[in-house]
Amino acid sequence: MGKKGYMNLLFYISGLIAVISTFLVITRKSTVHALLYLIVSLLAVALIFFSLGAPFMAALEVIIYAGAIMVLFVFVIMMLNLGAQSAQQESQWLKPGIWIGPSILMIILAGELIGLFTADPARLYATNMIGPKQVGIALFGPYVLGVELASMLLLAGLIGAYHLGRPHKH
Amino acid sequence: MLDMNQLLHYVYTLGIPVAVLLAFILANAVYLQLMERKVLAHMQGRLGPMRTGWHGLLQPIADSVKFLMKEDIIPAKADKWVFSLAPFILLVMAFGSMVIIPYGPPTDFFGLLPKKVPLWVSNLNVGILYVLAFSSVGTYGVIMAGWASNNKYSLMGGFRSAAQMISYEIPMAFSIITVVLMSGSLNLSDIVNAQTDRLFIVALPVGPVAFFLYLMSGIAETNRVPFDLPEAESELVAGYFTEYSGIRFGMFYMAEYMNMIVVSLLASIMFLGGWLPVQILPHTLGHIAPIAFINKLLAAIPPTIWLLGKLYFFIFFYMWLRATLPRYRYDQLMSISWKILLPLSLGTLLVAAGMKQMGWL
């Protein structure tokens, strides 16, 4: 089995893990468990990026999503200390009837995906390595407007947080 | 099927590095603890462990046996899965970072092996980001342990640790990015090779500042004194691992030392030139005969010995700090990170980027 074979195997394994853990995120009744599965799913997605030849994206996915954003989520959820009461509430929300809508959407998506793969199997594995330089050039070349907009949004969030956290003088 | 040559290739490029790395990790995991006790003891005018073996040399083995034999207690109201998983996550993430670190240039061990083997398991081209990624996932081990123990002290420890690690990851990342700017690469071997002319710690003006920032936030990331708030024993019993016992407690212990090694290795690689020999001012004083002779002697020491020397210097520094400094208060810890280190690191990055643009770096 060559390097490409390993990468294919890695792709399928991490894809499977991502799907299963995402499913578990929805069905877990304990919020903390759901969040932990969400982290697993993010890590699996990072591995998918890696197997598709984008190690830089994989590292960023782990550092930013799994490492920074989810830590804050977990932090807040653990601080709220949701116990058995909220788990019961969750189980009331997750009635069988609620699954119908999402299932239809998912079947449509899965159909599209299968169609895509059967049409052109070569498209599955874009094995060109995409390094940090290419990502940087893309971000600050054609997509520079998006980067600027995102940074303005983040700045607004930062100022908002600062305003809320400012000590009040009476 | 694998033919013989391919098999030999795998043995050289994967088998030998992994075996050596494992031996290195295990030896350190066991003996750093003795080193710490000895260093602390001598700094406080004591002798440290003396009874088990010559000067306590067998003490770590006795301790490991004790860890293994003790009962592994899981509290009745704890979340069993998360509780038992937490130490593994911390430990695996610490091990994972060590895979990417190069321990020297490819070598044939003075002709002992028929061909050169790499002294790394993986020479990833975004290596330094992977170390950051592993260390950020390691945070979950601490948070999960704190939450799953179902104990207010553990939970407080977990919270503190989460907040601390998020806060100090930012100046750490910025100081790493400064190094990446200076070297122009995310690959750890390239970062070492970029320091052939001058080590980044003496690359004025940004080098020393970035080094200081990295050192400070590295100590905080590993929860060592003076930033050991998550396990402050006078307020939190033992913080997030209060409820742990036996081998799981031993794993937390081991992970702390592993993280120390990773942070120290990165500091040596990024700022002290990794396996490159330290030279006394080769450009200005290098032509004077005695200094040139000393420089030649220093250059004759094998590269990996240099890296290990730098590594243990940093580890000694950590232990020295533990014997010297009192613990910070929690609000001090937060304001150091957000009010001092973060602006300083942003400024350093800005200056470095400007200098790079002007071609002065």
Side-chain angles (χ1 to χ4, degrees), chain A residues 1-3 6 24 28-40 42-44 46-47 49-50 53-84 87 129-136 158 161-162 165, chain B residues 1-2 6 77 79-82 85-86 89 93 96 100 122 124-150 152 154-156 158-167 169-170 172-173 176-177 180 184-187 240 334 338:
Chain A
M1 201 155 60
K3 189 164 182 168
Y6 279 125
L24 288 170
R28 289 308 89 185
K29 276 156 200 159
S30 154
T31 336
V32 174
H33 287 179
L35 271 178
L36 293 178
Y37 278 116
L38 186 53
I39 295 159
V40 173
L42 286 171
L43 292 179
L47 268 176
F49 281 139
F50 187 85
F56 183 63
M57 285 312 297
L60 285 192
E61 168 99 9
V62 176
I63 294 173
I64 295 171
Y65 285 100
I69 295 175
M70 290 317 292
V71 169
L72 287 178
F73 269 67
V74 173
F75 194 85
V76 171
I77 294 295
M78 283 181 181
M79 201 127 69
L80 293 177
N81 200 13
L82 306 166
M129 280 283 267
I130 296 162
K133 201 170 182 175
Q134 277 142 293
V135 175
L158 201 67
Y162 177 72
Chain B
M1 269 311 282
L2 289 168
Q6 211 178 353
K77 286 209 165 178
D79 189 314
K80 286 192 184 53
W81 266 97
V82 181
L85 208 61
I89 289 179
M93 290 308 149
I100 295 148
S122 168
L124 214 63
N125 66 351
V126 287
I128 208 158
L129 286 181
Y130 270 77
V131 180
L132 272 181
F134 273 114
S135 89
S136 61
V137 176
T139 314
Y140 288 113
V142 174
I143 306 178
M144 281 163 70
W147 176 77
S149 301
N150 207 354
K152 58 187 168 194
S154 302
L155 192 64
M156 283 298 296
F159 280 167
R160 280 186 177 189
S161 154
Q164 176 175 337
M165 282 173 158
I166 295 171
S167 311
E169 221 160 59
I170 301 165
M172 189 181 200
I176 289 177
I177 292 173
V180 170
S185 171
L186 292 163
N187 180 307
Y240 55 88
M334 281 297 149
W338 292 104

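Note that the structure is a prediction, hence the values are computed from the model and not measured. Below, read A as the first sequence line, B as the second, and so on, with proteins coming before strands; counting in each chain starts at 1. What you see below is based on every heavy atom in this structure, not just the backbone, and it leaves out hydrogens, waters and symmetry mates.
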By a 4.5 Å heavy-atom criterion (distance strictly below it), what part of B:A163 contacts chain A: side chain, backbone, both, or neither?
-> both
Toward chain A, the part of B:I166 with a non-hydrogen atom under 4.5 Å | side chain
How far apart are the closest heavy atoms of A:I63 and B:L129, and which atoms are they?
-> CD1-O, 3.5 Å
Which portion of A:L43 sits near chain B, non-hydrogen atoms under 4.5 angstrom = side chain
Measure distances from B:L186 to the heavy atoms of chain A and classify the residue's part below 4.5 Å as side chain, backbone, both or neither.
-> side chain
Looking only at heavy atoms, the pair that brings B:Y130 and A:A58 closest together is OH-CB, 3.4 Å
State the CD1-CD1 distance between B:I143 and A:I39, to the nearest 0.5 angstrom.
-> 7.5 Å
Does B:W81 have any side chain to side chain contact (heavy atoms under 4.5 Å, CB included) partners at least two apart in sequence or in another chain, and if so, which?
-> B:D79
Residues two or more places apart in sequence or in another chain: which of them pass ring-ring contact (aromatic ring centres under 6.0 Å, His included) with A:F49?
-> none
Interface moiety of A:V71 toward chain B, non-hydrogen atoms closer than 4.5 Å = both
Out of curiosity, A:K133 NZ to B:S185 OG, how far, rounded to the nearest 0.5 Å?
-> 11.0 Å
For the residue pair A:A59 and B:A133, what are the closest heavy atoms and their distance?
-> O-CB, 4.2 Å
Roughly how far apart are A:L35 CG and B:Y140 OH, rounded to 0.5 Å?
-> 8.5 Å
For B:F159, is it the side chain, the backbone, both or neither that has a heavy atom under 4.5 Å from a heavy atom of chain A?
-> both
